[in-house]
Amino acid sequence: MEENYQPAIIEAKTQQLWEDKGVFRAVEDPSREKYYCLSMFPYPSGRLHMGHVRNYTIGDVMARYQRMLGKNVLQPMGWDAFGLPAENAAMGKGVHPADWTFENIAYMKRQLKELGFGYDWQRELATCSPEYYRWEQWFFLRLLEKGLVYKKTAPVNWCPHDHTVLANEQVIEGCCWRCDTPVVRKEISQWFMRITAYAEELLAELDTLDGWPEQVRTMQANWIGKSHGVRFAFPYTLEGKEGKLWVYTTRADTIMGVTFCVVAPEHPLAAHAARHRPDLVDFIRECEQSGTAEADMATMEKKGMDTGLTVRHPLTGNDIPVWVGNYVLMSYGEGAVMAVPAHDERDFHFAKRYGLGIQQVIARKDGKETFDEAEWQDWYGDKTLGVCVHSAAYDGLDHGAAVDAIAKDLAALDLGEKQTNFRLRDWGVSRQRYWGCPVPVITCESCGTVPVPDQDLPVLLPRDVDITGVGSPLTRLDDFVNVPCPCCGKPAQRETDTFDTFMESSWYFARYTSADNAEAMLDERANYWLPVDQYIGGIEHAILHLLYSRFYHKLLRDAGLLKAKEPFARLLTQGMVVAPTFFREAEGRKQYVGPDEVDVTTDDKGRITSALLKKDGQPVRVGGTEKMSKSKNNGVDPEHLVTRYGADTVRLFTMFAAPPDQSLEWSDSGVEGGFRFLRRLWRQVSQHVENGIPDGTAPSTFNDGQKQIRRQVHETLKKVTDDMGRRFTFNTAIAANMELLNSLSRFEDTSEAGRWIRQEALERVTLMLAPIVPHITQSLWEALGHEGIIATAPWPKVDASALVQDAIEMVVQVNGKLRGKISAPVGATSDAIQALALADEGVQRFVEGQPLKKVIVVPGKLVNIVV
RNA sequence: GCCGGAGUGGCGAAACUGGUAGACGCGCCAGACUCAAAAUCUGGUUUGGGAAACCAAGUGUCGGUUCGAUUCCGACCUCCGGCACCA
């Protein structure tokens, strides 16, 4: 065995060994228990960042651990290869998105291999390849046949200067990121997936996902947002014609307090009222001067204007004025809301601002506070605290009873009924962009929307395009756009929108099982491997990606393509890898500089107080500690760490620095410590095997010192097994091994029995660390006298006889404070333990002369004496 | 604004079911080895008081439940993630 630990040599050797033996190739075998371990596939943005390294290390450790437990493990990898950054690269660097993407894939694949991740590369897929996206097009057409996709108009961010749809990310403070023109909202026709048809099931089955973090289930449930309310109408007469203004509310009990209604700027009533009102036209146009992001809508100043129209209250018949409001969106719900300023905070402030009426209709049951319209109080909107007042026949009813009575009365008038609503909206999948999967549809003047016939699939994304940042490049390709109608043969137009990239990532986990099938989207292998047993990815995907994937999986199930109900049996959401951010302001924009480009000063709490740019000594501003990202320029490149310390050190530190679900603040200094530990481990094994490997016969007896170290070996194994398999706290698993190795280095017993114990201990440490640091442990395994591959060696078993002890240390408290420790024989009675505790010298000092009030004995743990 | 999460030494963290707060690691300090340095090894390291034994305080803030709270409950503060076209 080499005396020194040389990661570069042993890592290359071990990786070659895995490849030669095909260790990670997954083959279906119904006689073996399968384990499908999946990490979220990366967007090929250029190089791996620390978030990838963390994600894939966690996944690889879990997969390797399960393999050692004897499972048939599948761990695949692929590329989420369509997306906006490729188009930006094309514009910025003049590279074709496809070339840029495939170059990045090649580079990142090499990086993944160097990190020693055990993937079955035969199943690799890239979503931008026609072999992949043809099935997405094919399946979209099946959904079209079933009526699960449809077209409707929806708002987009529009840059009036570039004539281009902008992603939310491309809207910077309300303006276009490229030309700084204020962005407006524009309604355009788009394709939608009917996810709301599955809302009930997506919500109900969250309860079955007990392998998911509670917080993710809660977030999804809130996102789906099932509510029970009443949909009802305000009738009106407009130019002699009867009409109804529909609204939905969960607070029908406050309906007697409605003092006005607010409609969206795009609502037909608003348009009607604006016909002879230039000021209203201006206001409606002003309302369009905002993006589509919900956070912007929720935080912007709420503005409105009276339309001059009135509707009739459905129960009182009173005239109710109709306003237009910038905070009501046409595409959500009915595009109109009732306003009850007395019992809704937003309506309250709106009414105050515009001098509209405030009518109290709910009073506190307990009468503790009274209503005062001068100032908003939290109880005004609390449906559990109040009863109806000033509400005619409904006076005295609480929330539930009032809603029932009011819904019944509205139904009798044929003006409304109870309705269950979801906050969840249908999934808009059209994107007006080049680098995505073409929507396989043709529009014909006489035949309407015509699906591309199956035999013409895939609709290939053309390569020769001119990406200018103005409009979608596909619209300028005559050969692509102008095609004969598949139905009637007359000239027709091809759809130029592409799919949301969430479409590709919503089913890739299933395609890995059948990746080489050119005849079908999925085959029977999907039912062997699915559901994914363990899915690992960033918490930032807690809602959108995971909800869309669950939805898509149900669509695949209902199409008969697979059987499982849910795609991911267990989910681990890793925390973000974060780092401080630094920036300068130039021309009103933030320009971020990397953490390694600045020198920082910190206060005595370790917080960064100021920073100077290394290259010119000028001060830069200190931002927050945020997720590592390209846009914030605060990423750490893992590659130089691998070059310097080796993959095992990078893997070890990543797993050691924090538990996987917590955010991880990067520090270069800790990496060094990981490297030191591996070197110490190497040296200990090297010193041990120098004198030959002890033969396998266990000694018949052990002395006390030997028993103690053996107990620690098996206690550690027990703990680590639990940490790896149940708790997923790899940081404490590593810490326990470090402790064991520290004890072992102090264990200087060179007798036959001592050497046998050291061999047993080092073998177990090597096996326990094998999933985390797979290269060094392969070398150590060989050095310890084993042939073959540690990656497929069985996980060790705890020797229960090594855990037996005769006395347990117990803690003694007086009034809850630690005052002494006692050693109690195993199986001692509470009385005996109490006597031992009271006899302890440290305890007596605090008990002496005071009457005992109470003594609590927790067997095996502690005694608390209350005086 | 809404939804979710986090806050413990100089730093990353541990304490799993309400039971010894700070395991393990980083950093720092001291010592050993060395002509010297690096590397390595040994010891110390929450804060305050004390030579020490030891005592007191201490897990974002304020309050509550309990023999006992980092852990449970209530209110608040700060930071982070998501908010439907970044992926």
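Lettering of chains follows the sequences in order, A, B, ..., and the numbering in each one begins at 1. Heavy-atom basis, side chains included; hydrogens, waters and symmetry copies ignored. Everything numeric in this text was worked out from a predicted model, so none of it was measured.
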Open item on the list: Could you go through A/R194 and A/Y150, starting from their C-alpha distance and side-chain angles, then the distance that decides it, and tell me whether this counts as side chain to side chain donor-acceptor pair (under 3.5 Å)?
Closed with: CA-CA 8 Å; A/R194 229 180 266 284; A/Y150 64 97; 4.9 Å; no
- [ ] Between B/A38 and B/G27, how far apart are the P atoms? Round to whole Å, please.
- [x] 13 Å
- [ ] Tell me whether the centres of the aromatic rings in A/Y133 and A/F82 are closer together than 6.0 Å.
- [x] yes
TODO: Count the heavy atoms of every other residue, nucleotide or ligand shown that sit under 6.0 Å from CD of A/Q6, and state whether that count exceeds 12.
DONE: yes
Open item on the list: Is it the case that the side chains of A/E495 and A/W191 hold a donor-acceptor pair, with the cut-off being a distance below 3.5 Å and no angle test?
Closed with: yes
TODO: Could you verify whether a donor N or O on one side chain and an acceptor N or O on the other, from A/Y548 and A/D500, lie under 3.5 Å apart?
DONE: no
Open item on the list: Both A/E214 and A/A735 contact RNA chain B. Taking the nearest nucleotide for each, which residue is further toward the 5' end?
Closed with: A/E214
Open item on the list: If I take atom CE in residue A/M628 and atom P in nucleotide B/C80, what distance separates them, rounded to the nearest angstrom?
Closed with: 16 Å
Task: Contiguous Watson-Crick or G-U pair runs (3 or more, under 3.5 Å) in RNA chain B - done: B:1-7 with B:77-83, B:10-12 with B:24-26, B:27-32 with B:40-45, B:46-49 with B:54-57, B:60-64 with B:72-76
Open item on the list: Tell me if the centroids of the rings in A/W507 and A/Y132 come within less than 6.0 Å of each other.
Closed with: yes
Open item on the list: Is it the case that the side chains of A/N421 and A/S227 hold a donor-acceptor pair, with the cut-off being a distance below 3.5 Å and no angle test?
Closed with: no
Open item on the list: Over all strands shown, is A/K719 touching base, sugar-phosphate only, or nothing at heavy-atom distances under 4.0 angstrom?
Closed with: base
- [ ] In whole angstrom, give me the gap between the P atoms of B/C16 and B/C72.
- [x] 11 Å
Open item on the list: When you measure only distances, ignoring hydrogens and angles, does the side chain of A/K861 come within 3.5 Å of the base of B/U20 through a donor and an acceptor?
Closed with: no
Show me the protein contacts with nucleotides 47-54 of chain B, counting only N or O atoms at under 3.5 Å.
none

Open item on the list: Students often get this wrong, so: under 4.0 angstrom with heavy atoms, is A/T218 touching a base, only sugar-phosphate, or nothing?
Closed with: sugar-phosphate
Open item on the list: Roughly how many Å apart are B/A21 and B/A37, using the C1' atom of each and rounding to a whole number?
Closed with: 40 Å
Task: Inter-residue atom distance A/F499.CZ - A/C437.SG, 0.5 Å rounding - done: 5.5 Å
Open item on the list: Protein within reach of the bases, or only the backbone? For nucleotides 65-70 of chain B, mark each nucleotide 5' to 3' as B, S or -, using heavy atoms under 4.0 Å.
Closed with: --B---
- [ ] Could you give the distance separating B/C85 and B/G5 at their C1' atoms, to the nearest angstrom?
- [x] 26 Å
Would you list the protein and nucleotides 57-63 of chain B atom pairs, both N or O, that sit under 3.5 Å from each other?
unit_1: B/A57; atom_1: OP2; unit_2: A/K817; atom_2: NZ; d: 3.2

Open item on the list: Is the ring pair A/Y198/A/F551 parallel, tilted or perpendicular, if the boundaries are 30 and 60 degrees?
Closed with: perpendicular
Task: Candidate list A/F675, A/F653, A/Y5, test side chain to side chain contact (heavy atoms under 4.5 Å, CB included), partner A/D648, passing option - done: A/Y5
Open item on the list: I'd like to know if the side chain of A/S505 pairs up with that of A/D80 as donor and acceptor (distance under 3.5 Å, no hydrogens or angles considered).
Closed with: no
Open item on the list: I'd like the C1' distance from B/C73 over to B/C83, given in whole Å.
Closed with: 30 Å
- [ ] Quick one: pull up CG in A/L744 and CG in A/L681 and give me the separation to the nearest 0.5 Å.
- [x] 10.0 Å
Open item on the list: Is there a side-chain contact between A/Q662 and the phosphate of B/A14, meaning an N or O under 4.0 Å from OP1 or OP2?
Closed with: yes
- [ ] Return no unless some side-chain N or O of A/N222 is found under 4.0 Å from OP1 or OP2 of B/G4.
- [x] yes
TODO: Can you tell me the distance, in whole Å, between the CG atom of A/D378 and the C1' atom of B/G74?
DONE: 15 Å
TODO: Could you work out the separation of B/U66 and B/G81 based on their C1' atoms and round it to a whole Å?
DONE: 35 Å
TODO: Write down the distance between CG (A/L862) and C1' (B/G18), rounded to a whole number of angstrom.
DONE: 11 Å
Open item on the list: Roughly how many Å apart are B/U47 and B/G58, using the C1' atom of each and rounding to a whole number?
Closed with: 8 Å
- [ ] Let me know the distance between CZ of A/F728 and P of B/C16, rounded to the nearest Å.
- [x] 18 Å
- [ ] May I ask you to check whether over 12 heavy atoms, not counting those of A/K861, lie within 6.0 Å of atom NZ?
- [x] no
Task: d(CG, A/L571; P, B/G4) in whole Å - done: 17 Å
Open item on the list: If I take atom CG in residue A/L678 and atom P in nucleotide B/C26, what distance separates them, rounded to the nearest angstrom?
Closed with: 12 Å
Report all interatomic pairs (protein N or O, nucleotide N or O of nucleotides 38-41 of chain B) with separations under 3.5 Å.
unit_1: B/A39; atom_1: O3'; unit_2: A/R679; atom_2: NH2; d: 3.3
unit_1: B/U40; atom_1: OP1; unit_2: A/R679; atom_2: NH2; d: 2.7
unit_1: B/U40; atom_1: O3'; unit_2: A/R683; atom_2: NH2; d: 3.3
unit_1: B/C41; atom_1: OP1; unit_2: A/R683; atom_2: NH2; d: 3.3

TODO: Indicate whether OP1 or OP2 belonging to B/A14 is found under 4.0 Å from a side-chain N or O atom of A/R727.
DONE: no
- [ ] Determine, for A/F350 and A/K302, whether the Lys NZ or Arg CZ falls below 6.0 Å from the six-membered ring centre while staying within 45 degrees of the axis.
- [x] no
Task: Gap separating the CG atom of A/L84 from the CD atom of A/Q170, nearest 0.5 angstrom - done: 4.5 Å
Task: Footprint string (nucleotides 81-87 of chain B, 5' to 3'): B base within contact, S backbone only, - free, heavy atoms under 4.0 Å - done: SSBBBBB
TODO: Please answer whether the main-chain N or O of A/P155 pairs with a side-chain N or O of A/R185 as donor and acceptor at a distance below 3.5 Å.
DONE: no
- [ ] Run the salt-bridge test on A/E301 and A/R353 with the 4.0 Å N-O cut-off and return the result as yes or no.
- [x] yes
Open item on the list: For a quick check of understanding: with a heavy-atom distance under 4.0 Å over all strands, which category does A/N742 fall into, base, sugar-phosphate or nothing?
Closed with: sugar-phosphate
- [ ] Round to the nearest Å and state the distance from A/D840 atom CG to B/U20 atom P.
- [x] 17 Å
Open item on the list: Could you report the tightest heavy-atom contact between A/C128 and A/T101, atom names first, then the distance?
Closed with: SG-CG2, 4.3 Å
Open item on the list: Quick test of your reading of the model: are A/R251 and A/D344 salt-bridged, counting only N-O distances below 4.0 Å?
Closed with: no
- [ ] May I have the distance from A/F656 (atom CZ) to B/A23 (atom P), rounded to whole angstrom?
- [x] 12 Å
Task: Nearest-angstrom distance, P atom, B/G64 to B/G12 - done: 31 Å
TODO: Please determine, for the side chain of A/E809, which listed nucleotide (B/A15, B/G12, B/U20) has the closest atom?
DONE: B/U20
- [ ] Taking atom CZ of A/R47 as the centre, report whether more than 12 heavy atoms of other residues, nucleotides or ligands fall under 6.0 Å from it.
- [x] yes
Open item on the list: Testing the basics here: between A/L546 and A/R550, what is the closest heavy-atom pair and its distance to 0.1 Å?
Closed with: O-CG, 3.0 Å
Task: In B/G9, glycosidic geometry as syn within 90° of 0 or anti otherwise - done: syn
